[in-house]
Each structure stands twice: as structure tokens, then as C-alpha cells.
Amino acid sequence: MKKKINESSIKKRLSELSKEITKHNHLYHNLDSPKISDSEYDKLIKENNLLEKNYPHLILNNSPNKLVGAKVKSKFLKIKHINQMFSLGNAFSRKDLDDFIKRINRFLNQSESNNFRFLSEPKIDGLSLNLIYKNGRLVSAGTRGDGFTGENVLENITQIKEIPLNLNRNYPDLIEIRGEIYINKMDFEVINNNLSTKDKFANPRNAAAGSLRQLDTSISHNRPLRFIAHGIGFSSKLYENIQGFYQDLNKWKIPTNEFVKFCLSADEIMNHYNIINQNRADIEFDIDGLVIKIDNIELQKRLGYVGKNPRWAIALKFSAEKAETTILDIDFQIGRTGAITPVARLKPVNIGGVIVSNVSLHNFDEINKKNINVKDIVEIERAGDVIPHVTKLISKKSNINNKISPPKICPDCKGKIIREKGEAILRCSNKYRCNSQKIGQLIHFVSKKSLNIDGFGEKQIKQFYNLKLIKNIEDIFHLKKYKIKILNLEGWGELSYNNLINAIEKSKSIALEKFIYSLGIRYIGEINSELLTKESKNLQELILLTKSRSKLENIDGLGPKAISSLIEYFSYERNVVTIQKLEQILKIHSSKIVNKKTFFSNKNLVFTGTLSTLSRDEAKYLAKSNGAKILTTLSKNTDFLITGEKAGSKKEKAKLLGIKIIDERDFLSKINQ
């Protein structure tokens, strides 16, 4: 009799759990409106699974484990920007600003005394947004994302008064308006005062981001979000300068920065910088510097971009924020390239709204130069998004004779520590068998600039690697077979597991240049990854390319260290095996917009001599923008030799090889066809 009563109670609880879990599945997956936390949901699942395991004969027909799960949709629909969204390079001093202007003059092949008209405006510390209007109607609002694709948060911004749903007059057929979502300082205080201690935002930028990306649109609508426009992505109407674009924005009642100033020299820019810096506390929103950009849009097009940064704009950041704190400990970290980095563990300190508790000491020469050790009080500096660093010793509390000695063997794998010629950094020589280096490569592979697997960071990578669930990169995509093991781990449950698996599945479509970058090959950053993509249509072509040093040396812009690193990486068989396995798992494609066919499309060009109207850099940029590949040496594969004054021996060699020779005037004519 007692057994029947217990089973009746268990059956009742199983029925209650089934209803609860089904309800919360619907709220989470279909309505994007969860009413309980992940941990609370996971407790329900674990209780249900435990009862079913102990009483299998009582499993219900409508058990959550028998139902096909609701389809998990992304929080927001993805949307492609018409033109790529770029990020700004940083300047921190007058010298940096002068260097920026010199680079512009050099690229345009003109006197460094030549001044430009610059637009200078405060850089709002907010969240980038890309608005697309078709025939005057707002059709999408995309976050930056990876620069090519963002999340469409249109429904969340419809109540922001500075963003009209319809443009009133004289609008282009199609236009991308770019700007910043922010919350002003007073509104931020009101929001935080109404939140519990654990839910408070660290700063207005976090509040703006957290408010914008709410699945419940009513939350976004009730938060005091604001918008200021600062840029143009695409427009079917051609503008001569930014000033004309800003005038149209104001006609459409889209606000621009009231502190905009047009400057004709570095002196004028610095005067404006100093005025804004002195009065920044009185500005209603947080700013972290000035944006400096050339006003003339034709010049912007000529200057173009290098990597992800425009050549024609820069962020002139305000002075770094500083604080004093104590070094509690110093330990050594080994990164993915084997670099041994001493890291100071600090007494936590707040610098500009960010709590800093760890800081890199870079290398042992730096430690000795600053004469710092455990127990010492030091000054920490943080400028903008730059990683915090120790600037100087404030007070010596440690034994003055004690020094931090570099290790002779790797603290992880016991491999030999080496210092490469010309480097201050020490490295573990056990490149492919050091666990720390492997973990570093895995962390890099899933990071935001690589595969961008949401919710899969350093903590999870280390946990799975130490449990031997992941050994090589490709193992990330086979975690499903360890579902039971993962669910039994502390901090994991059905919902968090499913979220991870879904994020991994979404990452399987990736651009070739991002994939190359994600491999974490030393000296192969984003720019070199793009260079390699232009030379290789797929991974097999890339593997073949790395077998020929001469072919790699002929890629314009690829340096000798990068070339040696590529050859070494692809000579290790395990790396090639990993790439071949990933090729079977991933859908690897090109994210680049295909240019219309031009005279130089897919042609190999070599430049020689001194150009008169263009700099060599601008000529190469024009050629690349028209689909050409730039080589450094002549060969039978060269299609055209572009010549300037004093062309030299290359011109004679081109004649012998039968390569067509084009002078600068003819080159420009064909570029403009």
C-alpha cells in the first residue's frame, strides 16, 4: 500500500513538472519572454530526469523528454549592412594626430604642409546603430555585429523620438544613417536607482546596450534611449561633404552632435579637444574623446580603408584614467603563441566604471625597469578600450633586493623557455604539446573576432579541455556526444547546454578570412588573413600556397615573419588534418561584396618607378578595389607592369617576358572606365 501512495505522489509530481517545463519552453522559445532563470529551469529538468531515472515505469506519455523541443530562434533576426561598418583607430596625443595627418598626405602623394577641412565632434560612449531608410521609410535598425552583419533591433527603437519612422522631405531612395544609441547621465542615475544592487549597470553605455537588446520590447520602449547620428554608410544621393549630409539630417529632425566644429589644422583640432575635455563633465552624455574625420567625401573615398579602420578618420581619446592599488601576487601565463606573460593580481580598483583586478606586466624587462614586485603600490592607467597597464611604482613595500626571475622551463609543460632574436618576450618552445598554448588557441578560435560562439569562453574551454571533452579544435563540434557528462557538471543544465549547442551550430557558416584568422597562426591577423583570402579561393588552395615560399613572398603586404610562420604552421601535419576536418564541418564562404567586373578584375599587377599624381599606396589601393592582385616581382603570371618615372630593370624584364606595360596615365584611364 505504501508503495502505491509513493508512486501516486511521484506520478503527480511528474505531471506537474511536465506542465511547468512545457510552459517555460513556450515562454522562452516561442515568445522570447522567459519568466524564470536558466538555473531555475535547469532545476526542474534535473528533478524530472532524476524521477524518470529512478521510476522508469512511471514515465508519462507527455514527458518533456519525449517531446520534440521547440525550435530555438535567435534573439534577433540577422541583417546585412549595405556597406560594411568600420571601427576607428585611436590617437592619444598631439603627435598621434600629426602622424595621422602625415599618413593622409603621404597616401595622397602631396605636401605635408597641405591642410584639410576636418570635422571634429565628441565621441559618444554608446552603442553603434545602422538605420536603413527606403523611400523615406525606416525599414531596419542594425547593431554593428561583425561589421558585415548585425542584429535587427527595429522593434526596440520605434519609441526613440530622435529616430523618425518616416523622413519628411527631399530624402534619397535608399540611405544608411549611422549613429549612436546612448542614455544620458541623469537618466542613467534614475534607472540604476530603481534596480536592485545586483542588477545595477556599471555605466551608461552598459545601460544603453542592456536596454536596447531586450527581447521584451516594452522594456526597451520604457527606457530613456536616445540617438545621435554621426555617419553615412550608403546613399543613393551623392553628398560632397559631411556638412551637407548633416544639414539633411537636421531637416529630417535626426539630431547631430551640437558640439561639432570644422577645423583646418591640427592646432584648431587640439584647441577644440582641450575645450571639450575641460567641459566634458557638463555634457549630458558620456564621451571618451573626439572623432576627427575629413569633411570631403570624395577624399574619403580616395583614402579608403586599411583593415577595419578608415584612413580618413581617427578617434582622439581623452587622457587616461588612473588609480593606485596594491599588487597581491604575480604569476605567469602562457598564451597561444607560447609567450610567457607575467600577470599582476591586484587589489580590485575601479577605473572609469570598470573594476580592474588583473593587469599584464608584458615582459620581465618591463618589471625590472619599473622595479615592481608583490606588495608594492602601483599606478594603474586605463585609456578608452585599451587594456589597463601599470604606469609606475608609487610606493616600495617589497624587499628591495628581491627580483622577479623569469622561468627557465614552462610552468605548464616543462618545455624549454627561449628568447627569439630581437624579442623581449620569452616563449615556451614546446609549441604543439603545451596545454596552455592549446587552450589559448581554442579560446582564440571561439572568440568574438573568430567564430564568435556565444556563451563559449575561457571558463568553458578550460573546463572541457581539462575533462578531455575537447583536445583539438574540431572536437568543439562533437560536444553533443558528451551531453550526459556536461549536464552532470556544476553550473550546467538542459537550457545552458542547449544554448551552447545552438550557438556552436550557428557558428558553422564563416567567411574564409575569418576562418584563417581564427586558426591563431602567429603574425596572421585580420589584415594578413584578408591578403591570403585574395590569393586563395578555398582552403585547399591555401594549403598549396603555403608550400611555396616564392609565391608567398610575391603577395604584396605579406611580411617575412608572417611567411615563415605560415610555412611552419602548415608543415605540421596535425594542423593540416585539423583544417581538413573543419572543412568538412563548416560552411566556409567569402563575406566580401563582389565588385562589378572591371578592366583589372582578377589580373596580376606589378608596380615600378615613381608615380607623379598618385602615391604607390593609393595606386595599389585603387587596383585592389578594382579586383586586381598586387605582386612584388615579375613572373610569367604577371598580367601588367604599371610604370612610373625611373622604371628601371623591371621594365626591361617585362619586355623580355612579353608582359603588357602600362604607364600611370593609362592605368588611371582604365581605372576610371
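Numbers here are sequence positions counted from 1. What you see is a predicted model, and the numbers here were worked out from it, not measured in a lab.
- With hydrogens and angles left out, the side-chain atoms of Thr632 and Asn554 include a donor and acceptor closer than 3.5 Å.
- Neither side chain, Ser615 nor Asn109, offers a donor N or O lying under 3.5 Å from an acceptor on the other.
- When atom types are taken as modelled, the side chain of Asn575 and the backbone of Tyr569 share a donor-acceptor pair closer than 3.5 angstrom.
- Looking at Val606 and Thr633, their side chains never come closer than 4.5 Å, going by heavy atoms from C-beta outward.
- Outside the 6.0 Å centre-distance limit, the rings of Phe118 and Phe262 are not counted as a close aromatic pair.
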For this session: Could you check Glu645 against Thr610 for side chain to side chain donor-acceptor pair (under 3.5 Å), going step by step and ending with a plain yes or no?
Result: CA-CA 5 Å; Glu645 296 176 11; Thr610 305; over 6 Å; no
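- Under the ring-ring contact (aromatic ring centres under 6.0 Å, His included) test applied with Phe640, the options Phe599, Phe667, Phe607 reduce to a single match, Phe599.
- Using modelled atom types and a 3.5 Å distance limit, the side chains of Glu513 and Ser529 yield no donor-acceptor pair.
- Salt-bridge check for Asp267 with Arg94: passed, with a basic side-chain N closer than 4.0 Å to an acidic carboxylate O.
- Here Phe234 and His81 keep their ring centres 6.0 angstrom or further from each other.
- No donor-acceptor pair under 3.5 Å is formed between the side chain of Ser565 and the backbone N or O of Ala562.
- A side-chain N or O of Asn435 and one of Tyr465 form a donor-acceptor pair less than 3.5 Å apart.
- Taking CG of Leu519 as the reference point, atom CG of Leu582 lies at 7.5 Å (rounded to 0.5 Å).
- Two rings, from Tyr621 and Tyr305, have their centers 6.0 Å or more apart.
- Residues Ile269 and Leu290 come closest through the heavy atom pair O-CD1, 4.4 Å.
- Aromatic ring centres of Phe445 and Phe456 lie farther apart than the 6.0 Å criterion allows.
- Residues Lys651 and Ile661 form a side-chain contact, since some pair of their non-hydrogen atoms from C-beta on lies under 4.5 Å apart.
- Ionic pairing of Lys370 and Glu366 is present here: one or more N-O contacts between side-chain nitrogen and carboxylate oxygen are shorter than 4.0 angstrom.
- Here Asp99 pairs with Lys95 in a salt bridge; the nearest charged N to carboxylate O distance falls below 4.0 Å.
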